Amino acid sequence: MLKSWQYPEIESLCRIAYPAERSINVWLNEEEKLPYSFKTMEVDSSYRQIFTPKIIFGDWKQAATSVNSVVITESTARNVFKDPANAIG
């Protein structure tokens, strides 16, 4: 690994990819979806070791290790689901 081979002073690494605006369909239920455009970025599971986002609902560990899981900001949850508690599912 890069940090142990070349830079012993580095405590942790995180990869961040594709910071960009993306079009995403948000499924509200099995029959209803809404098109949205979000600013997104993809990160690896070590993101939370370096950055400390406040998790309001849900579980970071599950989101970081499950396929097709996302972490969204509270403001995005309010825009899409009205109540951030409704964003889990």
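Scope of the values below: all heavy atoms of this structure, side chains included, with no hydrogens, waters or symmetry mates. Every value quoted in this text rests on a predicted model; they were computed, and no experiment measured them.
For the salt bridge (charged side-chain N to carboxylate O under 4.0 Å, His left out) condition, no pair includes a residue of residues 49-71, sequence neighbours left out. A salt bridge (charged side-chain N to carboxylate O under 4.0 Å, His left out) check over residues 73-85, counting only residues at least two apart or in different chains, returns the pairs Glu74-Arg78.
Heavy-atom minimum distance, Pro84 versus Ala77: CA-CB, 3.8 Å. A pairwise comparison of heavy atoms in Val70 and Ala63 identifies O-CB, 4.2 Å as the closest pair.
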For Tyr47 and Thr52: C-alpha separation, side-chain torsions, deciding distance, then whether side chain to side chain contact (heavy atoms under 4.5 Å, CB included) applies.
CA-CA 8 Å; Tyr47 180 86; Thr52 53; over 6 Å; no
Candidate pair Phe81 and Ile72, rule side chain to side chain contact (heavy atoms under 4.5 Å, CB included), full reasoning:
CA-CA 11 Å; Phe81 301 100; Ile72 60 175; 4.3 Å; yes
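Residues that satisfy the salt bridge (charged side-chain N to carboxylate O under 4.0 Å, His left out) test with Asp44, not counting sequence neighbours, are Arg15. Judged as a side chain to side chain contact (heavy atoms under 4.5 Å, CB included), and not counting sequence neighbours, Ser23 has no contacts. By the side chain to side chain contact (heavy atoms under 4.5 Å, CB included) test, Asn79 pairs with no residue at all, sequence neighbours left out. Scored by the side chain to side chain contact (heavy atoms under 4.5 Å, CB included) test, Glu30 finds no partners at all (sequence neighbours excluded).
By the 4.5 Å side-chain criterion applied to Ile, Leu, Val, Met, Phe, Trp and Tyr, Trp27 is assigned to no cluster and stands alone.
In this structure the side chain of Phe51 reaches within 4.5 angstrom of the side chain of Ile16, judged on heavy atoms.
Once rounded to the nearest 0.5 Å, the distance linking CD1 of Ile55 with CZ of Arg48 reads 5.0 Å.
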Indicate every side-chain donor-acceptor pair of residues 36-43 with a distance under 3.5 Å to a residue at least two apart or in another chain.
unit_1 : atom_1 : unit_2 : atom_2 : d
Ser37  : OG     : Glu21  : OE2    : 2.7
Thr40  : OG1    : Ala20  : O      : 3.3
Thr40  : OG1    : Arg22  : NE     : 3.2
Glu42  : OE2    : Arg22  : NH1    : 3.0
Glu42  : OE2    : Arg22  : NH2    : 3.3

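Thr73 places a side-chain N or O within 3.5 Å of a backbone atom of Thr76 that can act as its donor or acceptor partner.
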